[in-house]
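Order of the sequence lines fixes the chain letters, A, B, ..., with proteins taken first and strands second; residue numbering starts at 1 for each chain.
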Number of protein chains: 2
Amino acid sequence: MGHTNWLNDEEMQAWIAFISAATLVDRELDQQLKEDMGLSHLQYTILMTLNRAESGALRMTELAERLINSKSGLTYQIGQMEKAGLVTRRQCEWSKSGVLAEITDEGRATLERAAPGHVEAVREIFIDVLSPEERKAMADGLGRVRDRIAERKQGGTCW
Amino acid sequence: MGHTNWLNDEEMQAWIAFISAATLVDRELDQQLKEDMGLSHLQYTILMTLNRAESGALRMTELAERLINSKSGLTYQIGQMEKAGLVTRRQCEWSKSGVLAEITDEGRATLERAAPGHVEAVREIFIDVLSPEERKAMADGLGRVRDRIAERKQGGTCW
DNA sequence: ATCTCCTTGTTCAAATTTGAACTCAATAGT
DNA sequence: ACTATTGAGTTCAAATTTGAACAAGGAGAT
């Protein structure tokens with residue numbers, strides 16, 4: 001346990017770029033969606049995720065895990081979106097304690113209207129700014145970063 | 001203005017990996033710091049930023065910009081940290097309307113105690129998971145992503 | 001000096017997020 | 001069947017974040 005093993009320049013640049021790009025990108029998309037359609041990035045992602053799921057519905061926990069969101073946070077957001085008519089709550093067929101969040105027709109319509117602008121923004125601030133090689137590095141490297149953290153979450157017995 | 005120009009698989013993987021890694025990494029560091037030292041990632045970053053600045057002080061606006069945080073959010077956080085004795089507010093010498101946030105000795109001490117664990121965590125979940133080439137791609141590519149967004153902010157005349 | 005206009009930082013209410021406590025259903029053990 | 005554990009969602013209070021409105025200080029023009 002010597003002293004802090006500080007990041008060197010090369011490492012620091014990668015780290016700082018990652019952290020600040022992440023913050024800026026998220027903020028940017030949030031604004032774009034909010035101005036365009038009055039949706040938060042989280043709400044857009046919820047709609048997208050539900051829309052892709054077969055039958056357009058997912059259990060709350062499943063949804064929370066995919067979105068990397070706390071359970072209570074999801075309860076709140078689904079509540080908001082239900083008020084807005086974008087999703088409905090439905091009881092899970094095979095489990096009385098389960099709840100399904102389901103996208104509504106209005107939800108799908110909203111998503112369709114929001115998608116073009118959103119995807120365009122994603123291209124403009126992220127995809128198009130990167131070379132194919134860099135995109136591959138993102139997919140591979142950051143995919144590994146994500147999986148590593150996700151694993152240790154359930155692994156439980158860390159340390 | 002045809003229909004949505006969806007991301008293809010290659011693009012989607014890079015995008016998803018980026019977004020989810022960013023969320024997970026931030027969450028992870030926040031937890032690590034909170035458990036270890038009772039600091040949020042934001043608070044750690046504030047201390048770090050002030051510590052590096054000459055004289056250990058920065059103006060509120062300057063600090064907010066570097067941290068990519070809203071002004072009011074920073075006012076709040078500096079308030080919290082002032083209560084905790086980690087920073088002080090001081091009037092800017094050459095401008096009566098300016099306020100300097102300055103790190104205290106206790107702040108520096110806290111930072112020193114927090115740094116080893118934090119840096120270790122950063123290495124473990126990010127740096128060490130990437131190859132040197134991937135880190136270069138992060139620094140270059142994401143650096144460009146960051147700069148682009150930062151530019152358009154002040155550029156004002158987008159489009 | 002006076003009148004604007006821009007910048008600083010704060011305040012305030014509202015929206016969101018978090019984590020712990022809680023309810024009720026599902027499951028395992030006896 | 002009976003009890004203890006675990007799992008799913010919600011509720012609640014507290015912490016944080018956001019954006020708009022605001023007070024005050026500079027800076028420039030007249």
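When all heavy atoms of B/Ile78 and B/Val87 are compared, the closest pair comes out as O-CG2, 3.9 Å. Between B/Leu58 and B/Ala53, the shortest heavy-atom distance links the atoms CG-CB, 3.7 Å. Nearest heavy atom pair, residue A/Leu33 against residue A/Ala114, reads CD2-CB, 4.4 Å. Closest heavy-atom contact between B/Ala121 and B/Gln32: CB-OE1, 3.9 Å.
Annotation: side-chain hydrogen bond (donor to acceptor under 3.5 Å, both in side chains) contacts involving residues 67-78 of chain B, sequence neighbours excluded, comprise B/Gln43-B/Gln77. Residue pairs that meet the side-chain hydrogen bond (donor to acceptor under 3.5 Å, both in side chains) test with at least one member in residues 44-54 of chain B, sequence neighbours left out, are B/Asn51-B/Arg108.
Distance CD1 (B/Ile78) to C1' (D/dA15): 17 Å, rounded to an integer number of Å. If you measure from atom CD of A/Glu82 to atom P of D/dG9, you get 14 Å, rounded to the nearest angstrom. Computed from coordinates, the B/Glu102 CD to C/dG9 C1' distance equals 18 Å when rounded to whole Å. If you take CE of A/Met81 and P of C/dA15, they are 17 Å apart, rounded to a whole angstrom.
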Write down the protein N/O and nucleotide N/O pairs, taken from nucleotides 24-28 of chain C, whose separation is under 3.5 Å; answer none if there are no such pairs.
unit_1: C/dA26; atom_1: OP1; unit_2: A/Lys96; atom_2: N; d: 2.8

Every protein N/O lying under 3.5 Å from an N/O of nucleotides 2-6 of chain D:
none

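With sequence neighbours excluded, the residues satisfying side-chain contact (heavy atoms from CB on, under 4.5 Å) with B/Arg90 are B/Ala57, B/Glu93, B/Leu100, B/Glu102. A/Asn8 pairs by the side-chain contact (heavy atoms from CB on, under 4.5 Å) definition with A/Glu10, A/Glu11, not counting sequence neighbours. Partners of B/Lys136 by side chain to side chain donor-acceptor pair (under 3.5 Å), not counting sequence neighbours, listed by chain and number: B/Asp140. Among residues two or more places apart in sequence or in another chain, the side-chain contact (heavy atoms from CB on, under 4.5 Å) test is passed with A/Ala137 by B/Glu134, B/Ala137. Shown here are the salt bridge (charged side-chain N to carboxylate O under 4.0 Å, His left out) partners of A/Glu133, two or more places apart in sequence or in another chain: there are none. Taking the side-chain contact (heavy atoms from CB on, under 4.5 Å) definition, one finds that B/Trp94 meets it with B/Arg59, B/Cys92, sequence neighbours left out.
Within residues 53-65 of chain B, the residues approaching DNA chain C are B/Arg59, B/Met60, B/Thr61, by heavy-atom distance under 4.0 Å.
Here the straight-line distance linking atom CZ of B/Arg89 with atom CE of B/Met81 works out to 11.0 Å at 0.5 Å rounding.
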Completion exercise
Whether each nucleotide of nucleotides 16-22 of chain C has a protein heavy atom under 4.0 Å at its base (B), only at its sugar-phosphate (S) or at neither (-) is summarised, 5' to 3', as SBBB---

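For the pair A/Arg89 and D/dT10, the criterion of a side-chain N or O lying under 4.0 Å from OP1 or OP2 is met.
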